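Below is one structure, written out as structure tokens; the observations come after it.
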Amino acid sequence: MPDAMPMSPPAMPKPTARRLRVYAFDPNASLDLGSTKFSHATISLAWDDPTEEGISPGPVNEYLEVIDIDPCSRQFYPPIDLNAGEVLGQDGLPPSEGDPRFHQQMVFAVAMKTIKLFERALGRKVIWAPEWRDDKKTYVPTMKLRVYPHALREANAYYSRAKRALLFGYFNATQRSAGASWIFTALSHDIIVHETTHAILDGLHPRYSESTSVDSLAFHEAFADIAALFSHFQLYEAVYDFIEKRGGRLDQSGLLSGLASQFAKGTTGHASLRDYIDKAPDANALDGTSEPHERGAILVAAVFDAFLSIYTARTDDLLRMSGTRIGAGDQLHPDLVARLTREATKSADHVLRMCIRALDYLPPVDVRFGEFLRAIVTADADLIPDDRLHYRLAFVEAFRRRGIFPENCLSMSPDNLLWDLAPQEELAPGYLCIDDIQAEGLNLVPEYRRSDIVKTAEENRRKVWYWLTQPALVVKPGSGVTQARFEALRARARAVLSDDAASTGKALEAYLESIAADLLALGVDDAAVKRLAGGLKRATSHFARWELFLAMLAKAPNIATDDNADLSWERALGIYFQRHEGKDLHSIRGGRSGLVVEVASVRTTRRAGPDGQDIRQLVIEVTQRRQGYFDPAVQAAQDAPPPAGAPAGDPQWGDFVFRGGATLIIDLRGNKLRYVISKRIDDEARLARQREHLLTPASLGFTYDRGRSNEPFALLHRM
């Protein structure tokens, strides 16, 4: 008999997913016989993603850090270890209102599910809003968003911009219909998605939290509700039950169309905090609605209307073939219910992804509802040129019925709603030349680790800022220094001054000595070089060092400034890089080398379409700040140039901040500028509207102080 073949055991296969149980809606859904069978859900997260760090007790990963401190009771709840055997063995702890470890598990799981949903639609990793550091005069990346499940003893939950954290409250119910004496917002699936979306949106567009118009804070609230509402349709069992009981209809109020049921029942006794079924859309309702939640609800209702239209279009053929009429009271066959459920979940997923993709196609400041519609249509047309199923038309029709119209559009047809393409035929040397940006050495190689993505995004942001803000300096003839040599000197200076190690001490002295001959040829004397060296040593950021160096060059006798070099870029972006005689705005604060400009973000994205489309884009957001004054006469005086002979100092601090800027979308496949979506800094009509808005008591203008929001979401959610 032959010997048995020797065998070595293979490596133990790893699980593909980490499964964590959560409440599908709110805890009170498990107390209702009609919803108890789908009141719980299981969220699947990647078990071992090689591009991400593992999960440690808290839970903590590279996105989130759950910290369970209860300041009111002065308690610290030990963190849950999701890697513990007893946790892994039962798909996480079972849902429990009384176990703080389950609260930690739920906020982590639902927040991570929301993050992954956004990443799939955006085509890149989620990055939190950076924190401004006065000591460094620059932004510092926020690597982890903190999550506090029991931060407040009040009927509130909000995203804190100051703490870069999600704060969830708990409170005594005042209504018996809540089914509980204590209500925890950290156990509401809707509230967790809502607050996480606020944080994600703030990372994409930090200036949207400023109360610049009647739409600004309303858009923040609306988008957070859109994400929470359509997360319901990822729950197959709940959608199946809803469709089965209503004969295939989704246009009726119920668990799917409402938000935060237990929170509402515990505070007001209403069935839900907001419900988005409205059988009679009013096109005039928007004109008389200014409260952010109520106004935002109109936008959410428009998106939900579009979803209902798309669902109906996708299921009409199924109902015709089955001989079934919606709402006729017929008992639907289980196979038909299953098909309708799949169409509903797919339609909801598609609508939500259309909304998320649109976020890259919005201006960086002062967003309006009509612009959101244009962004939805344009982003979808870029990815899916042939709209065979008329999804874009469904959005247009839904927004029209709700009275949401974009400004400056000829008509509401989808073709007219597309953002205008960048005028390629006007390209001239120096005009919107994307090759100039690429020459700055942007790192466009795809990164997979989030820490590398954050680092690369910050490096690219700095490079774009350097390129945009450097004045167009030319060497005068006869100086002995060629223009090419001067550009090489300036490029090397920027490399040195952006390196903290190379721009201090002996390294800095050695560098200045190495360029002394060139500086002398340009007319810079030893005293100016010594002053520069002293200023560079005292500077606290690479931005400040670079401005000092440029200011010295601009004053050199053999250097001249080309005042017209950046006019094309200024016209396109709607901002100013330097002051111009006759059209100056002195309410824009200046720096040593020109007017202050902020590059808010530089991000790359890659999206795949249903027919194999591969869209790779570079998205750049540039903004500028201008001082605004409540008195138009003071505004005019501050905008005017100083009298002849008077020093041109910075404007006095204003009553509010007015911003302009643009979003640039660059197609990396052809290295072409595709869109410039701008809000001009010199738009006097928009300035007047913002002034009027802030002077209206219902505007919540007090929630933002001199351009920096002071916890606007805390105040907003208490209303």
Side-chain angles (χ1 to χ4, degrees), residues 21-36 39-40 66-80 93-111 146-160 162-163 165-196 198 221 224-225 228 255 258-275 291-294 297 703 711-719:
R21 287 185 282 180
V22 298
Y23 286 115
F25 296 94
D26 291 320
N28 67 333
S30 61
L31 303 178
D32 190 318
L33 288 176
S35 59
T36 186
S39 62
H40 298 168
V66 179
I67 303 172
D68 205 353
I69 297 175
D70 185 342
C72 294
S73 60
R74 298 184 179 181
Q75 290 201 49
F76 171 76
Y77 297 109
I80 185 174
L93 297 181
S96 170
E97 294 180 76
D99 189 343
R101 296 170 302 174
F102 173 73
H103 299 198
Q104 300 161 14
Q105 173 181 296
M106 176 148 178
V107 292
F108 177 81
V110 176
R146 293 185 173 185
V147 184
Y148 296 89
H150 306 103
L152 316 163
R153 190 172 290 185
E154 60 176 279
N156 198 4
Y158 62 91
Y159 159 62
S160 168
K163 298 180 174 65
L166 303 181
L167 307 181
F168 294 94
Y170 64 98
F171 59 97
N172 266 129
T174 59
Q175 305 289 330
R176 294 181 181 273
S177 58
S181 56
W182 286 93
I183 294 177
F184 297 90
T185 61
L187 297 181
S188 170
H189 196 289
D190 296 339
I191 292 176
I192 299 171
V193 175
H194 182 102
E195 303 309 333
T196 305
H198 275 310
E221 283 301 304
D225 272 1
L255 202 56
L259 293 177
S261 170
Q262 188 180 43
F263 185 95
K265 290 179 179 178
T267 53
T268 64
H270 295 160
S272 61
L273 194 60
R274 287 181 285 280
D275 193 288
E291 196 280 321
H293 293 99
E294 295 176 0
T703 64
E711 301 294 19
F713 303 108
L715 296 168
L716 187 63
H717 288 185
R718 285 195 181 106
M719 295 186 63

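Worth saying up front: this structure is predicted, and the values here are computed from it rather than measured.
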Those residues at least two apart in sequence (or on a different chain) that pass salt bridge (charged side-chain N to carboxylate O under 4.0 Å, His left out) with R21 are none
Would you check if [X] and [Y] make a side-chain contact, meaning some heavy-atom pair closer than 4.5 Å?
X    : Y    : answer
P95  : F102 : yes
N156 : T185 : no
V66  : P149 : yes

Answer yes or no: does atom CZ of R153 have more than 12 heavy-atom neighbours from other residues, nucleotides or ligands under 6.0 Å? yes
Rounded to the nearest 0.5 Å, how far does CZ of F25 lie from NE2 of H189? 8.5 Å
Check [X] against [Y] and note the closest heavy-atom contact, atom names and distance.
X    : Y    : answer
Y77  : P100 : CD2-CG, 3.6 Å
S160 : L167 : CB-CD1, 4.1 Å
A228 : D190 : CB-O, 3.6 Å
W182 : E97  : O-OE1, 4.3 Å
S96  : L187 : O-CD1, 4.3 Å

Verify, without hydrogens or angle tests, whether Q104 (side chain) and P78 (backbone) share a donor-acceptor contact under 3.5 angstrom. yes
Result of checking Y170, F76, Y148 against D70 for side chain to side chain contact (heavy atoms under 4.5 Å, CB included): Y170
Sequence neighbours excluded, which residues qualify as ring-ring contact (aromatic ring centres under 6.0 Å, His included) partners of F168? none
Which residues satisfy the ring-ring contact (aromatic ring centres under 6.0 Å, His included) test with F108, sequence neighbours excluded? none
Show your working on side chain to side chain contact (heavy atoms under 4.5 Å, CB included) between L93 and I80 and close with a plain yes or no. CA-CA 9 Å; L93 297 181; I80 185 174; 3.6 Å; yes
Applying side-chain contact (heavy atoms from CB on, under 4.5 Å), name anything that partners A224, two or more places apart in sequence or on another chain. H194, T197, H198
Which residues share a side chain to side chain donor-acceptor pair (under 3.5 Å) with H150, sequence neighbours left out: D68, H103
My understanding is that only residues two or more places apart in sequence, or in another chain, count here; which of them pass side chain to side chain donor-acceptor pair (under 3.5 Å) with N172? none
